[in-house]
Amino acid sequence: MGLPTTVAPALLGKLLIRRQRGRELRARIVETEAYLGQNDAAAHAAAGLTARTAALFGPPGRAYIYLIYGMHWCLNVSTLPDGQAGGVLFRAAGDWSGPGRLTRGLDIGAGLNGWDLTRPGPLFLADDGYLPASIAVTARVGIRKAAQLPYRYFIEGEAAVSRPRGPVLSRFHPIAPERRGRVYSGIPCHGH
DNA sequence: ATTACGATCATCT
DNA sequence: GATGATCGTAATC
């Protein structure tokens, strides 16, 4: 668990695994966005606790899934302790560019809202040790409020990163866990 | 290359 | 009744 702005880049390179009757799909996360609670007008949680956003205010590591524009499901994971709102939007993974195509490809809908993504099940996160070479930071896309905040992260060179990409505001190179010391900033992922 | 628009509906005011 | 954390297509530069 941790701040959305810390967890969002930490999730890049991790796997989203979807298990359903007899098949397993896995997609490497290549693009994420951070959404805070208060002080972030673009966040659904900014308006306070409602029935829709309850998962964002719940325990960390839970799926927050909502319908946008009447046709696309968007997948997020809550990252802050119970009672505090904050999440990370999965914008692209595997070959699926864009949050709507991602959920369509993995057959994710409202039925998985609130699901614990940190333990193996129908939908969960996993870490196979992959380390992105270079992560770029840009402004978030598709929003009107607080659109200038540098809360979008993607793995450079990945074709599935959604458009428009916008100017890269900064970039960094992740450090391997064994060289990072004891500080771990991501939410728990199932190891391999 | 960039900009505009319509589809479609759960949620909230 | 208005509003989207989108996407594909079409029009225009």
Side-chain angles (χ1 to χ4, degrees), chain A residues 1-12 14 16 18 25 27-58 60-80 84-115 117 123 125 135-155 158-170 186-187:
Chain A
M1 72 183 85
L3 292 172
T5 49
T6 304
V7 176
L11 283 174
L12 294 176
K14 304 295 189 294
L16 261 177
R18 177 77 167 112
L25 301 173
R28 195 171 303 284
I29 299 160
V30 298
E31 180 185 357
T32 59
E33 274 179 355
Y35 286 89
L36 314 183
Q38 58 183 29
N39 300 329
D40 182 2
H44 288 177
L49 175 62
T50 67
R52 179 178 65 152
T53 59
L56 281 176
F57 288 84
R62 305 300 180 89
Y64 166 52
I65 299 168
Y66 66 92
L67 183 68
I68 189 68
Y69 297 112
M71 61 191 78
H72 300 294
W73 294 101
C74 288
L75 172 68
N76 305 248
V77 61
S78 61
T79 72
L80 292 177
Q84 299 179 52
V88 172
L89 169 68
F90 296 98
R91 285 198 57 89
D95 294 329
W96 295 298
S97 56
R101 299 173 98 195
L102 165 59
T103 55
R104 183 160 172 60
L106 290 177
D107 193 21
I108 292 169
L112 289 167
N113 190 42
W115 196 267
L117 300 180
L123 179 66
L125 294 161
I135 291 176
V137 184
T138 77
R140 295 177 294 190
V141 297
I143 56 173
R144 308 188 54 163
K145 303 174 225 167
Q148 79 290 354
L149 296 175
Y151 290 169
R152 179 177 182 232
Y153 311 86
F154 62 83
I155 300 177
E158 289 288 343
V161 173
S162 66
R163 294 164 181 276
R165 301 199 182 182
V168 174
L169 305 172
S170 64
I187 69 169

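Letters go in sequence order (proteins before strands), and every chain restarts at 1. Note that these values count all heavy atoms, side chains included, but never hydrogens, waters or copies made by symmetry.
- A side chain to side chain contact (heavy atoms under 4.5 Å, CB included) with A:Phe90 is found for exactly one of A:Ile29, A:Val30, A:Leu106, A:Thr103, namely A:Ile29.
- We find that CZ of A:Arg101 is positioned 8 Å from P of C:dC7, with the value rounded to whole Å.
- A:Leu36 is not listed as a side-chain neighbour of A:Leu3, based on a closest heavy-atom distance of 4.5 Å or more.
- Nearest to the side chain of A:Pro99, among B:dA10, B:dA7, C:dC7, sits C:dC7.
- If you take atom P in C:dA5 and the same atom in B:dT13, they sit 14 Å apart, rounded to whole Å.
- Distance from the side chain of A:Leu56 is smallest to C:dA5 among C:dG8, C:dA5, B:dC12.
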Legend entry - Canonical and wobble pairing (Watson-Crick, G-U, under 3.5 Å) of DNA chain B, dot-bracket with |: |||||||.||||.
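- To the nearest angstrom, C1' of B:dT3 lies 15 Å from CZ of A:Arg163.
- We find that the ring of A:Tyr69 and the base of C:dG4 do not stack by the test of centres under 5.5 angstrom and planes tilted less than 30°.
- In this model, the phosphate group of C:dC7 is not approached by any side-chain N or O of A:His72 to a distance below 4.0 Å at OP1 or OP2.
- Per the geometry, CE belonging to A:Met71 stands 14 Å off C1' belonging to C:dT3, to the nearest Å.
- Listed pair A:Arg104 / C:dC7 fails the phosphate criterion, with no side-chain N or O lying under 4.0 Å from OP1 or OP2.
- Among the nucleotides C:dA5, C:dT6, B:dC12, the one closest to any side-chain atom of A:His44 is C:dA5.
- Put simply, CD on A:Glu31 and CG on A:Leu89 are 8.5 Å apart, with the number rounded to the nearest 0.5 Å.
- Under the side chain to side chain contact (heavy atoms under 4.5 Å, CB included) rule, A:Tyr64 has a single partner from A:Val77, A:Thr53, A:Val88, which is A:Thr53.
- Residue-level contact check: A:Ala47 touches neither bases nor backbone, having no heavy atom under 4.0 Å from any strand.
- Applying the 6.0 Å contact sphere to CH2 of A:Trp73 captures more than 12 heavy atoms from other residues, nucleotides or ligands.
- Between A:Arg144 and C:dT3 there is no side-chain polar atom (N or O) within less than 4.0 angstrom of OP1 or OP2.
- Comparing atom distances between the A:Ile143 side chain and each of C:dT6, B:dC12, C:dA5 picks out C:dA5 as nearest.
- Between A:Arg91 atom CZ and C:dT6 atom C1' there is a gap of 8 Å when expressed in whole angstrom units.
- Residue A:Arg140 is out of contact with every strand shown, counting any heavy-atom pair closer than 4.0 Å.
- The two residues A:Ala160 and A:Asp95 have their closest heavy-atom pair at CB-C, 4.0 Å.
- Interface remark: the A:Tyr66 side chain does not form any donor-acceptor pair with the B:dA10 base, using a distance-only criterion of under 3.5 Å.
- Atom NZ of A:Lys145 and atom P of C:dA5 are 7 Å apart (whole Å).
- Across B:dT11, B:dA10, C:dT6, the shortest atom-to-atom separation from the side chain of A:Thr50 is found for B:dT11.
- Side-chain N or O atoms of A:Asn113 include one that pairs as donor or acceptor with a backbone N or O of A:Ile65 at under 3.5 Å.
- Closest to the A:Arg52 side chain, of the nucleotides C:dT6, B:dC12, C:dG8, is B:dC12.
- Note: CD (A:Glu31) to P (C:dA5) measures 16 Å, nearest angstrom.
- If you measure from atom CG of A:Leu102 to atom C1' of C:dA5, you get 13 Å, rounded to the nearest angstrom.
- Counting only distance, with no hydrogens or angles, the side chain of A:Arg152 and the backbone of A:Arg165 share a donor-acceptor pair below 3.5 Å.
- If you take CD1 of A:Ile65 and P of B:dT11, they are 12 Å apart, rounded to a whole angstrom.
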